[in-house]
A.B. asks: 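Shown below is the structure under consideration.
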Amino acid sequence: MSDLKREAWLLGRSRAALAALLLLFLCAGAGVALGLATVSRDRAAIDRMLAGQPAEESALAAFVDDAGYGAYYGFQPTWNPPSDLAFAALGNRDIAPTMLRIRALALEGQIYENEAANPELALPGRFDLAFVVVYLAPLVLIALLHDLWSGEREAGRLYALQATPAARRHIWGPRIVVRAGGVLAVLLVPFAVGAAITGTSPLRALAFAGIIVLACLFWTAVALLVARRGNSSAVNAASLAALWFALTLVAPAAAGLAINAGVTVPDGAALARENREDVHAGWDRPRDATMQRFLALYPQHAPGSALPPTFHWKWYFAFQHLGDLHVASASKAYRDGIARRADLARAAGWLLPPAGLSQAMARLARTDVAAQLAYQQRIRAYHTRLREFYYDYLFSEKPFGPADLATVPRFDPAGGM
Amino acid sequence: MTQMIAIAAAELRLMLRSRLALIGLAALLLLSGIAAVTSAVQTASASATRAAAQAATDEQFKTQPSRHPHRMVHYGTYALRPVGPLAAFDPGVDSFTGTVLFLEGHRQNSATFGAARESSDLVRFGQLTPAFVLQTLAPLLLVFLGFATVARERERGSLRALSAHGASAASILGGKVLALGGVALLAMAPALMALAWAALRHPGEGGIATLIALAYGVYLLVWVIGITAISALARTSQGALVTLLAIWAIVVVLVPRAAAGWAGVAEPLPSRVDTEFAIAADLRRMGDSHNPDDPHFAAFKQRILKQYGVATVDELPVNYRGLVGAEGERLTSELFALYAARADAIQLGQSARLETLGVLSPALAVRRASMVGAATDVATHLAFMNRAEAYRYQLIQRLNGLQVTQVSSADDRARSRDPLADQRTRISADFWKTMPQFQLAPSAPATRAAAMLPAMALLAFWLAIGVGLLWLARRNLDQTAA
């Protein structure tokens, strides 16, 4: 214990080391604070959407006298609430929407909409705890550990220190523990405060803290391996900074470039256009053929499927759905392409620890690409429930009035698959 | 002067002998080359894809069959944001925005399909583009190559020897700056070649490309001068390196992200749903075309009847439904424009905050100058959105106008009951061919150059700080020598 105390005292005497730790602490604190602010803003936006929905529905109730009107005009909210760890790893919640209002029309024309956001704010990346852990903490660890032995040698003390009995246990061990532990502490304390404020489940918070510990262990090990090689402090610092730079800045960007080049994602614009073409061509196609194709999917609606000679919503919603089916395989290929890219990036994370750790944090916080794709799947499942709810009215000619609006199925953010 | 050149030459010879320096430089040149080529290839392919998609959507619109004009209002069309002329050098926000906008009646959609949303999570680690290499990687290489440039001489005691040979502090520092500056020029070469390549393919972009190159030249010069000055001020090479790495991490990595995070929280943008709800509420206050007793549309009807000098809608020589459609579109579009202007002001305000924070980081200033010059900044995206919205309004009102003049009022009323009347409301497909097409020319280089000025002024400010540091270093060296 006295060894640790001595080393802590020594660390405290180094103004540069203290400044680095303080700066890291401030950054971690600011990262958590910004993360909490962003998450609470996300939650508030979702709450405003849910609070505003009744006004929209009562406006609709004023003129809805037919299930078709309800289905056509009735937008329903869907949302992807931030998890209890989102504050620590904001992930890509800024570039992919976390709220979307949809209606029973063809979904492919709705599901790719984007949230209003300033792209210049997304461009540099998020400032959150995950950023501090992946980018800044390694630099502070490098600053504190690169001259562990070379600094003493350059000060002329190394041989004397090595000669003390059990130097490893009494000097180097405690020194490493104090320095790496200091870095870990300034990261974990703000995280713990953020988790306490959010009410994060203890197990999940522990798992996230585990990733932070892993990140620090990785860079401590790298720094010590380089520091032991017997070069001068300046060479150690330069080598470690170059390693950090290659692993954190260059390699992930290059891997991203290679993955995007290697896995082509079908052109989304062409997919959306094809959907529109098919939906609008529905107006001009023989109506019986449309209904037959639809009834092959929904035979239970055959009894009520006879069409009047003029417009009827059941025909309209039938060709809307057929328009979605027309591009279903292209749409799946589009999603699969993105998922494949995400999978490859995860695989690359095993080779590139900074990328791997960052993705692990986003995955745990459910703010990664996979979480976005899962949200889209929930929207798709909900859209099916919404459509089928209206089909029951449209095909049975069951009357639909304002009171029925209250029975429209609601989105369940937790699942509803 | 000759002394300065001799010192610069000696420094360069030393770098040539250092394997680490050569590896670092070669790595940067290689990365830069890869970035230049992949960025050029990607930009060319994105540009071709979007131009082809725009042509395809225009063609599809023109070849629609005869139908009721309101069906065309819902059929709509797409606007694709053209790729900026210098995007191969600095794609800016291109990946982080949607690039395709569906234009239809009654609704204002968001731009969909951007590269970032189609990428893995690695996209947040930055994109390897020529601009990224110059903004982020090149300064770090200069730090590695230059941190010891003066500190080494001091540690070895060769500073004294230099002054004994009559070298002034100014010529020592000048020589070091010259040598490191030479390396910086070499490091810039592939990225600048990418810039020149992009400029050559777009006539008229040469001037603005030169200005962008100047911005990066000043930016890297700030680093060269700052690195030399700190190397001279530091007591040891190690101290110089650690200080410079800390400065680099703060200026290039920390401040840009923190600034963006702060700007987003300080000036929050309403969500899309917020805006949709607000517009819907405003519309309900202003006029509801579903409601036959609505005061706004009742007044509108009276105005139209008076204008044509008739007593009832049935006596109108034109199709009243088309007029109501156009009036409804006018009301919603006015609100779209109003709310878009507010949201634009917030986004531009956020970006202005980032620009101001260029006083904390020259990396922010050069990024701004580069994006503005390359027309890949948020203002360019907003200009696209606004141009597309203006086009949408014009197109929809033309289609509503066709409903007014080409579709008989009686048929239009009867079409939901009478299939024959429905047939008669379908107007000739030739009308679709007369509709205007969406076009967006990039903003004039002179406009962009003017918008670059604040960022350029910030870079000049940083240059002044660098020169001030160098002056301090000179005084310091003079004192040591004396």
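Note that the structure is a prediction, hence the values are computed from the model and not measured. FYI, side chains are in, hydrogens and waters are out, and symmetry mates aren't considered; it's all heavy atoms of this structure. We name chains A, B, ... by the order of the sequence lines, and we start the count at 1 in each one.
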A.B. asks: Indicate the atoms forming the closest heavy-atom contact of B:S120 with A:N260, along with that distance.
C.D. replies: N-OD1, 4.5 Å

A.B. asks: Where on A:Y135 is there a heavy atom nearer than 4.5 Å to chain B: the side chain, the backbone, both, or neither?
C.D. replies: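 A:Y135 touches chain B through side-chain heavy atoms alone.
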
A.B. asks: Side chain, backbone, both or neither: which part of B:A116 has an atom under 4.5 Å from a heavy atom of chain A?
C.D. replies: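 B:A116 touches chain A through backbone and side-chain heavy atoms alike.
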
A.B. asks: Measure A:E154 against the heavy atoms of chain B and call it side chain, backbone, both or neither at under 4.5 Å.
C.D. replies: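 Just its side chain gets close to chain B.
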
A.B. asks: Checking heavy atoms, do the side chain of A:H146, its backbone, both or neither come under 4.5 Å from chain B?
C.D. replies: side chain

A.B. asks: Roughly how far, to the nearest 0.5 Å, is the CD atom of B:Q64 from the CH2 atom of A:W283?
C.D. replies: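 If I round to the nearest 0.5 Å, the distance is 13.5 Å.
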
A.B. asks: Between A:E115 (side chain only) and B:R272 (backbone N and O only), is there a donor and an acceptor less than 3.5 Å apart?
C.D. replies: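 At least one qualifying donor-acceptor pair exists.
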
A.B. asks: What part of B:D418 gets within 4.5 angstrom of chain A, counting heavy atoms only: side chain, backbone, both, or neither?
C.D. replies: backbone

A.B. asks: Can you tell me which portion of B:R117 sits under 4.5 Å from chain A's heavy atoms? Options are side chain, backbone, both or neither.
C.D. replies: both

A.B. asks: Go through the steps to decide whether B:F113 and A:D267 satisfy the test side chain to side chain contact (heavy atoms under 4.5 Å, CB included), and finish with yes or no.
C.D. replies: CA-CA 9 Å; B:F113 302 111; A:D267 180 19; over 6 Å; no

A.B. asks: Which region of B:V242, side chain (C-beta onward) or backbone (N, CA, C, O), has a non-hydrogen atom less than 4.5 Å from a non-hydrogen atom of chain A, or is it both or neither?
C.D. replies: side chain

A.B. asks: Please look at B:V100 and chain A and tell me whether the side chain, the backbone, both or neither of the residue comes under 4.5 angstrom of a heavy atom of that chain.
C.D. replies: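 Only the side chain of B:V100 comes within 4.5 Å of chain A.
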
A.B. asks: Less than 4.5 Å to any heavy atom of chain A: does that hold for the side chain of B:L254, its backbone, both, or neither?
C.D. replies: both

A.B. asks: Tell me, for B:S271 versus chain A, whether the close heavy atoms (under 4.5 Å) come from the side chain, the backbone, both or neither.
C.D. replies: both

A.B. asks: Given a strict heavy-atom distance threshold of 4.5 Å, which part of B:R71 is in contact with chain A: side chain, backbone, both, or neither?
C.D. replies: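 Backbone plus side chain of B:R71, per the 4.5 Å heavy-atom cut-off to chain A.
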
A.B. asks: Taking side chain as everything from C-beta outward and backbone as N, CA, C, O, which of these in B:D274 sits under 4.5 Å from a heavy atom of chain A? Side chain, backbone, both or neither.
C.D. replies: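 The side chain, not the backbone.
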
A.B. asks: Under 4.5 Å heavy-atom distance to chain B, tell me which part of A:R48 shows up: side chain, backbone, both or neither.
C.D. replies: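 Contact with chain B: backbone and side chain both.
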
A.B. asks: Rounded to the nearest 0.5 Å, what separation is found between the CZ atom of B:F96 and the CG atom of A:N92?
C.D. replies: 10.0 Å

A.B. asks: Could you walk me through whether B:D121 and A:R363 pass the side chain to side chain contact (heavy atoms under 4.5 Å, CB included) test, one step at a time?
C.D. replies: CA-CA 10 Å; B:D121 294 294; A:R363 194 165 178 72; over 6 Å; no

A.B. asks: Does any heavy atom of chain A fall under 4.5 Å from the side chain of B:R152, the backbone, both, or neither of them?
C.D. replies: neither

A.B. asks: Please check if the side chain of B:R124 supplies one atom and the backbone of A:G125 the other of a donor-acceptor pair under 3.5 Å.
C.D. replies: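 Not confirmed, B:R124 side chain does not pair with A:G125 backbone.
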
A.B. asks: At a 4.5 Å cut-off on heavy atoms, which part of A:Q359 comes close to chain B: side chain, backbone, both, or neither?
C.D. replies: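 Only the side chain of A:Q359 comes within 4.5 Å of chain B.
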
A.B. asks: Taking side chain as everything from C-beta outward and backbone as N, CA, C, O, which of these in A:L139 sits under 4.5 Å from a heavy atom of chain B? Side chain, backbone, both or neither.
C.D. replies: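 It is the side chain, since no backbone atom gets that close.
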
A.B. asks: Using non-hydrogen atoms and a 4.5 Å limit, figure out which bit of B:R107 sits close to chain A: side chain, backbone, both or neither.
C.D. replies: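 It is the side chain, since no backbone atom gets that close.
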
A.B. asks: Tell me, for B:L141 versus chain A, whether the close heavy atoms (under 4.5 Å) come from the side chain, the backbone, both or neither.
C.D. replies: neither

A.B. asks: Tell me, with the steps shown, if B:E118 and A:R341 meet salt bridge (Lys or Arg N to Asp or Glu O under 4.0 Å).
C.D. replies: CA-CA 8 Å; B:E118 294 172 354; A:R341 285 179 173 179; 5.1 Å; no

A.B. asks: Checking the side chain of A:R41 only, and the main-chain atoms of B:G264 only, is there a donor and an acceptor separated by less than 3.5 Å?
C.D. replies: yes

A.B. asks: If the plane angle is over 60° it's perpendicular, under 30° parallel, otherwise tilted; pick one for B:W248 and A:W244.
C.D. replies: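 The rings of B:W248 and A:W244 stand perpendicular, inter-plane angle above 60°.
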
A.B. asks: May I have the step-by-step check of side chain to side chain contact (heavy atoms under 4.5 Å, CB included) for B:R257 and A:F131, ending in yes or no?
C.D. replies: CA-CA 9 Å; B:R257 285 201 189 220; A:F131 159 70; 3.3 Å; yes

A.B. asks: Contact part of B:T38 toward chain A, heavy-atom cut-off under 4.5 Å: side chain, backbone, both or neither?
C.D. replies: side chain

A.B. asks: Check each atom of B:P65 against the heavy atoms of chain A and say whether the ones under 4.5 Å are side chain, backbone, both or neither.
C.D. replies: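 Contact with chain A is through the side chain of B:P65 alone.
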
A.B. asks: Could you check whether any side-chain N or O of B:Q238 sits under 3.5 Å from a backbone N or O of A:S233, counting only pairs where one atom can act as donor and the other as acceptor?
C.D. replies: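 A pair under 3.5 Å: no.
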
A.B. asks: Please say whether the positively charged group of A:R276, taken as NZ for Lys or CZ for Arg, lies over the ring of B:Y78, i.e. under 6.0 angstrom from the six-membered ring centre and within 45 degrees of the axis.
C.D. replies: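 Geometry flag: not set, cation outside 6.0 Å or 45°.
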
